[in-house]
Amino acid sequence: MYFGLSEDQIFFQDNIKKFLEENSSVDILRKIAADDRTFAKDIHDGIVNLGINGLLVPEEFGGLGLDILFAAAISESLGYGAGATPFIGSYVMAPIAIIDGGSDKQKQNYLTKVASNEVKFGVGFSALTGARDDSEIQIKGNKISGRSLFVLDYEYATHFLISDINGCIGIIDAQANGIDLVELKTIDRTRNVCELILKNVDFEILEQTKNSKNTAEKVIDAGRIMLAADSLGAAQNMINKAVDYAKERKQFGRAIGSFQAVKHMCAEMVAELEPCYALVWHAAHAQKHMPNEARLMACQAKSHLSDVTKEVAKKSTEVHGGMGFTDLLGLHYWFKRIGLNRQLLGTPERVREEAALLQLN
Amino acid sequence: MYFGLSEDQIFFQDNIKKFLEENSSVDILRKIAADDRTFAKDIHDGIVNLGINGLLVPEEFGGLGLDILFAAAISESLGYGAGATPFIGSYVMAPIAIIDGGSDKQKQNYLTKVASNEVKFGVGFSALTGARDDSEIQIKGNKISGRSLFVLDYEYATHFLISDINGCIGIIDAQANGIDLVELKTIDRTRNVCELILKNVDFEILEQTKNSKNTAEKVIDAGRIMLAADSLGAAQNMINKAVDYAKERKQFGRAIGSFQAVKHMCAEMVAELEPCYALVWHAAHAQKHMPNEARLMACQAKSHLSDVTKEVAKKSTEVHGGMGFTDLLGLHYWFKRIGLNRQLLGTPERVREEAALLQLN
Amino acid sequence: MDLHYSKEYLDFEKEVKAFCKKYDGVTFTDASKNPLASSSSKKKKIQVTRSEWQKILIEQGYFARAVPKEYGGYGGEPDILKSRIIATEFSKAKTPAPMGGQGIDMLVPTLLEMGTQEQKEKYIKPTLHGEMIWCQGYSEPNAGSDLAALQTKGELIDGEWVINGQKIWTSTAQYSQMMFCLVRTEPEAQKHAGISYLLIPMDSEGIEVRPLVDMTMKAGFNEVFFTDVKIPETNIVGKRGEGWAVANATLGHERGSLAPPDAIMNRLNMLIDLMKQEKLDGKPLIEHSIYRDRLMKIQGKVMASQSHALRLLSAKLNPGQDVKVGKMIQKLVGTELRHELEGLAIDVMGEIGVLYEDSPHLRDKGSWQFIYMYFLGLIIGGGTSQIQKNIISERGLGLPKEPKVQGAQ
Amino acid sequence: MDLHYSKEYLDFEKEVKAFCKKYDGVTFTDASKNPLASSSSKKKKIQVTRSEWQKILIEQGYFARAVPKEYGGYGGEPDILKSRIIATEFSKAKTPAPMGGQGIDMLVPTLLEMGTQEQKEKYIKPTLHGEMIWCQGYSEPNAGSDLAALQTKGELIDGEWVINGQKIWTSTAQYSQMMFCLVRTEPEAQKHAGISYLLIPMDSEGIEVRPLVDMTMKAGFNEVFFTDVKIPETNIVGKRGEGWAVANATLGHERGSLAPPDAIMNRLNMLIDLMKQEKLDGKPLIEHSIYRDRLMKIQGKVMASQSHALRLLSAKLNPGQDVKVGKMIQKLVGTELRHELEGLAIDVMGEIGVLYEDSPHLRDKGSWQFIYMYFLGLIIGGGTSQIQKNIISERGLGLPKEPKVQGAQ
């Protein structure tokens, strides 16, 4: 019996953290936020070199064949380092969709290319997770029309994977006719989202998703766990920064960390965040090993982490006093990463409602 | 322009506080909680001697003709002193029901007797405010059957005022045939509630309430403001006790009130509670002077105070450490008073839902 | 991540299941005076005394597993996973758990580590067999969170300790044969020094136990007054003036056990049942989305705490695993969460939720209000939430201690 | 309780309404560089300069009411109720408010109380007329909440102050002609002593203003660096070493004005509109009871804070009325509440809620995210919430100060 990350998982995490520590300083983040994309490209290339693109792709298709827990461990480290790279869409949601929903031929075709990095997916699922502006996606035969509002990881995408409101998922080529790509700007400049306006675009439906929501649900569950893990890592980094700052910064003749008010803020953050590790890992583990609890745990991981990390983001900023508010320390890059994760793939209220319905039915 | 209590109102409050300070020590409360009703009777008599029974009764019927703001001021002081006396039902909700809903004859008959203290009402409105066990009250002609679950201020009642789910309000004589009175025991022993099981009991319907919910709504609004005011007073007393204790009690060689953690708990309580005075007063004032906002403000006063005072009750107990948990200091009598108020005439969620619907329609 | 048991443990699980089946419906012939004893089931198949039951459990290795045979234990190796299996299966089958209490949980480990040979022989066996109940005498009215400030005095006169003073918060004092107690024996020494750990028979002359009613209106605790109480010089554990260290070894123990995570899951399930049964405006509460959202929020926290408990268990089994501050937060998080959960149940019931004691219409024997208040007591007791936060931030995160105060001792 | 205005004020209200009507749609010919200036309406009826507008308002007694005529004010009695009427009617009619800013809000009152005759004559009128913009130089990188620790040095050499050091959080520094500034002039004196209050022309040689980008990605603040900046000896307010007292007179002013309660009511109404427009699963958010419950909770708090503001206003009008700690809590409660309100709007919008800057699909010009972050800044700035709680508990409740620390200054 062992509950926790394996040595391999921790080793991979450490590699990513180390890479980001060396290549993604606050100065670099500042440049990326100012739309200097060459730095983002370097980070993305470095992370891909570590092997994340083939992570979930089965070994028979040239990937590493690892599981969602492994992906969660990586997502956590990307959140920790505010890694400006596609991950959740391109390398988690997309391969899972194809593994679970694709025909043998589709798997052979796309998974191999994901593993070899020839094909990169942007992923649009918000029609299913409570998009505020109606997406009006319509699939007719092999054509798709409508709007997919929040497409993740679009920047380097060669293809897009889109779901309609019924969980019917298909692939479009980024070069196909009829695609209008509108860049969206969010608070978080370390990840990129766009809107796709589609007019009668060629659409290759994943075989198993024509009449079943199952695949879409698995994809969303995995995506939510990744978001939870990303926020976990980001929040942990913010706490670490706050604790370090509280030890160094002096006010009224003493380290601010010796004031009970500051101490207790730090203690409260840790007390809330620490159990989240186990929840995220457990939920990720459940995706493979505990099918009856998999969906519920994914929902609860997403919504609980959204709430806890929102609070951590605020409190850790407060511990930094005025400096927390500036771009000088750059704490806000993590604050905003947590802010984006909270709203993606369903707000906490929406996701908890899903969790409740899972248990009532 | 003057926003606040008048000198008269403050004078009356002070009289009640003084009376309770002298006659309702924690020792007395302990005896009352142990069902020694003679002490409760003394307190009730003393409070009536101060004139609260005729408070809202118009002068033409022998009362003081004061308004809901005045009643709120008194309710606050009763909460402050944990006054073991009927008030909200007998001397606020009942007279308002009769003033607003009674025929001239009913007013003449009952209001005069309320003012002279011949008639005392127990009041049962929970059919309208979200009773958990269905009350099944049925009114047929001049007879009423069914159950009224949470009847307030029943102990000295000569009559009961009962509302059905449609806001049809009527009076029954406590001596009438067909009444089964079941005493309920709550956490708060300073006030008494019962269940009435009615079988075909003579029922004198208030003239104006036959086809209109208006009176019932006014009665509930006033009752809710009284509950809010009572919790306000109770919470203020708990804060005062906590601050005093924090100044006196020494741990680790210094007054616990010099620890930032304790200080900040006190500051948080005050910061939450202080604006509640204005909300309660404003809501009470609105009942007479701002008809368009009267209902909304009553709802918000009730629900907001329920939440703030729940937190104050917890924190002020914590400031007292282990002593807060004992019966020795008796802090829990106020804790429980706040606990009862929270659930009466609608839980916070239920009342906020009403507030929302008021604004949507 | 591997949440499976190995064959050894699967076999053990089977064994325990068989044991539980064998003793299904076991009842006790002696109604134990100790309120911490588990209540028994209805079917009257096997009847034993509480003490006999303790012996059966010890014989099986289900209790006192790591206590040497010579002191009445099983004499085996400690095995956390087996303890967990026992707890889980006993809970499922409603088999009566072994007795707990401060003697078994705190005194026995202390004696095993620091007691004399004579003390071990004299006290451990009857304690394990449920024949000797202990209470703890640490807190005093003027030494709540600040134990080092305690004032109860012990003087060594003619080969006897003569004790004067007062203790508070001594649960089970009225049922106990013995108290383990912190007493100031060297009045000149600095705060933490000068305290000794004494063992006091509760039938000694000069002891008065007064029940201490708390906000639940039950006397869950007591005050204990000492007037010239005399006990033998040898009734000391560890050396004179070293009682602080002796006590600290077991204090950590207490903090971990206050809010067991299985209990909260059971309670959450009770709450869900309640919300299916109670109706508001004709609809079960579980279908009112606002209440349901509050429930889901709490479920998220409960699931996190359950998973976290597994992680801590795993860290015990795999000593390399780092749980950092994971252990220190347990008391703070567990007690606050439980208080919040019970509070939701009260709101769910509305007016019904304030009923108490033996009132008509009471749900679940009034346990929601009782535990709501009781857990406020636990938030405060055994180190308030404020003290917990000090510990987490200073020992867990390495934040500097508050600077020494001028003029303070 | 009497919420009515007397005849005098009803007449005044009419007068102000008429004024607003007369100047309906007034616009400014000079696009003010001061970002604190109100934006103008669309209809282009009357055109004036900002400075002309200030003068019109002063002439009416609508601005600088209590400032003596000789210094450019109206020369009347202060009247809180009239101020309130002006604010309310201007807000309703969207009439441009008078300019605010640190010069008008903080420096002018300070000079009136403590300035020399010459200083009053020189600075007040152009400041009121919007021709002289000021910034505040209090905070330093190593003196955030602890102003007494400031290090910027001023030496009196040959009849001139020579200033070296650095200030931070100086909003409007890039537009300002002048700075009022705290500078350490007596290095040997104890912390609070030894500070002087100086007036520094921003075009002095040796001043460098660097914009300070904050988490909103706007440069709402600046850092200001001083290298051998020389100003006349007479540019000091109050005496040498008494700057702390001079500054404290106006600090209180700032805390009260950070979160005006009218603004939050407007914002709440915007949120309600948003919830009527945005849809989730085909239904407006306002009909989703969970979100609506969050809205109602916030509405309760907003109503309490609105009523509380009336109570404080009343206490100003009726000096006998006791508002106890009522004033001290305003900054803490107001900023936290506003932050919470803006946060709900973000959740209401879901994914749309994270859009920012000039993104497509942006609602309300991205103001929800901007203000959500900006108010986190205000929670911290001007005395963090932690400092506020110290003030409330020590000055408001009389709890003892933290004991002096051994070794600290």
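No experiment lies behind these values; they were computed from the predicted model shown. Chain A is the first sequence line, chain B the second, and so forth, proteins listed ahead of strands; every chain is numbered from 1.
At most 12 heavy atoms of other shown residues, nucleotides or ligands fall within 6.0 angstrom of atom CD in B:Gln138. No more than 12 heavy atoms of other residues, nucleotides or ligands lie within 6.0 Å of NZ in C:Lys279, so this atom counts as exposed by the packing criterion. Within a 6.0 Å sphere centred on CD1 of B:Ile165, other residues, nucleotides and ligands contribute 12 heavy atoms or fewer. Within a 6.0 Å radius of NZ in C:Lys218, more than 12 heavy atoms belonging to other residues, nucleotides or ligands are found.
The residue among B:Thr317, B:Asp188, B:Thr129 with the most heavy atom pairs within less than 4.5 Å of chain C is B:Thr317. Note: C:Pro141 leads C:Pro141, C:Gly282, C:Gly366 in heavy-atom pairs under 4.5 Å with chain B. Ranked by non-hydrogen atom pairs under 4.5 Å with chain C, the options B:Gln251, B:Glu195, B:His332 are led by B:Gln251. The most heavy-atom pairs under 4.5 Å with chain B, out of C:Thr384, C:Ile352, C:Asp347, come from C:Asp347. Of the listed residues (C:Gly353, C:Gly377, C:Ala149, C:Ser385), the greatest number of heavy-atom pairs within a distance under 4.5 Å of chain B belongs to C:Gly377. Contact count against chain C (heavy-atom pairs under 4.5 Å) is highest for B:Ser126 among B:Ser126, B:Gly330, B:Ala261.
In this structure, the portions of B:Arg350 lying under 4.5 Å from any heavy atom of chain C include both its backbone and its side chain. Residue B:Glu183 touches chain C through its backbone alone, counting heavy-atom pairs closer than 4.5 Å. When heavy atoms are compared at a cutoff of 4.5 Å, B:Leu149 approaches chain C solely by way of its side chain, counted from C-beta outward. Proximity to chain B (any heavy atom under 4.5 Å) is shown, for C:Gln277, by neither the backbone nor the side chain. For chain B, the nearby part of C:Ile290 is the side chain; its heavy atoms alone come within less than 4.5 Å. In this structure, chain B has no heavy atom under 4.5 Å from any part of C:His288. Using a 4.5 Å cut-off between heavy atoms, C:Ile346 contacts chain B through both its backbone and its side chain. Only the side chain of C:Ile379 comes within less than 4.5 Å of a heavy atom of chain B; its backbone N, CA, C and O stay farther away. Proximity to chain C is limited to the side chain of B:Arg342, based on heavy atoms less than 4.5 angstrom apart. Contacts of C:Glu351 with chain B are made by both backbone and side-chain atoms, with heavy-atom separations under 4.5 Å.
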- [ ] For the pair B:Glu353 and C:Asp281, evaluate side-chain contact (heavy atoms from CB on, under 4.5 Å) and give the outcome as yes or no after the intermediate values.
- [x] CA-CA 12 Å; B:Glu353 193 68 8; C:Asp281 298 328; over 6 Å; no
TODO: List the steps and the verdict of salt bridge (charged side-chain N to carboxylate O under 4.0 Å, His left out) for B:Lys314 and C:Glu340.
DONE: CA-CA 11 Å; B:Lys314 176 175 183 252; C:Glu340 184 186 354; over 6 Å; no
Open item on the list: Determine whether C:Ile380 and B:His320 satisfy the following criterion, side-chain contact (heavy atoms from CB on, under 4.5 Å), listing intermediate values before the conclusion.
Closed with: CA-CA 9 Å; C:Ile380 294 166; B:His320 283 80; over 6 Å; no
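B:Phe325 CZ to C:Asp214 CG: the interatomic distance, rounded to the nearest 0.5 Å, is 4.0 Å. Here C:Glu357 contributes atom CD and B:Thr186 contributes atom OG1; the two are 9.5 Å apart, rounded to the nearest 0.5 Å. Atom CZ of B:Arg30 is separated from atom CE of C:Met217 by 8.5 Å, given to the nearest 0.5 angstrom. Residue C:Met215 holds its CE atom at 10.0 Å from OG1 of B:Thr326, rounded to the nearest 0.5 Å.
Considering only heavy atoms from C-beta on, C:Phe370 stays 4.5 Å or farther from B:Ile187 through its side chain. Between B:Phe259 and C:Glu402, some side-chain heavy-atom pair lies under the 4.5 Å cut-off. B:Gln343 places none of its side-chain heavy atoms less than 4.5 Å from the side chain of C:Met349. Within the 4.5 Å cutoff, the side chain of B:Phe150 has heavy atoms near those of the C:Val354 side chain.
Aromatic ring orientation, B:Phe335 versus C:Tyr372: tilted (interplanar angle from 30° to 60°).
The closest donor-acceptor contact from the side chain of B:Arg132 to the backbone of C:Val348 lies under 3.5 Å. Proximity of a side-chain donor or acceptor of B:Lys250 to a complementary backbone N or O of C:Asn142 within less than 3.5 Å is not detected.
Here the closest non-hydrogen pair linking B:Val182 and C:Pro360 is CG1-CG, 3.5 Å.
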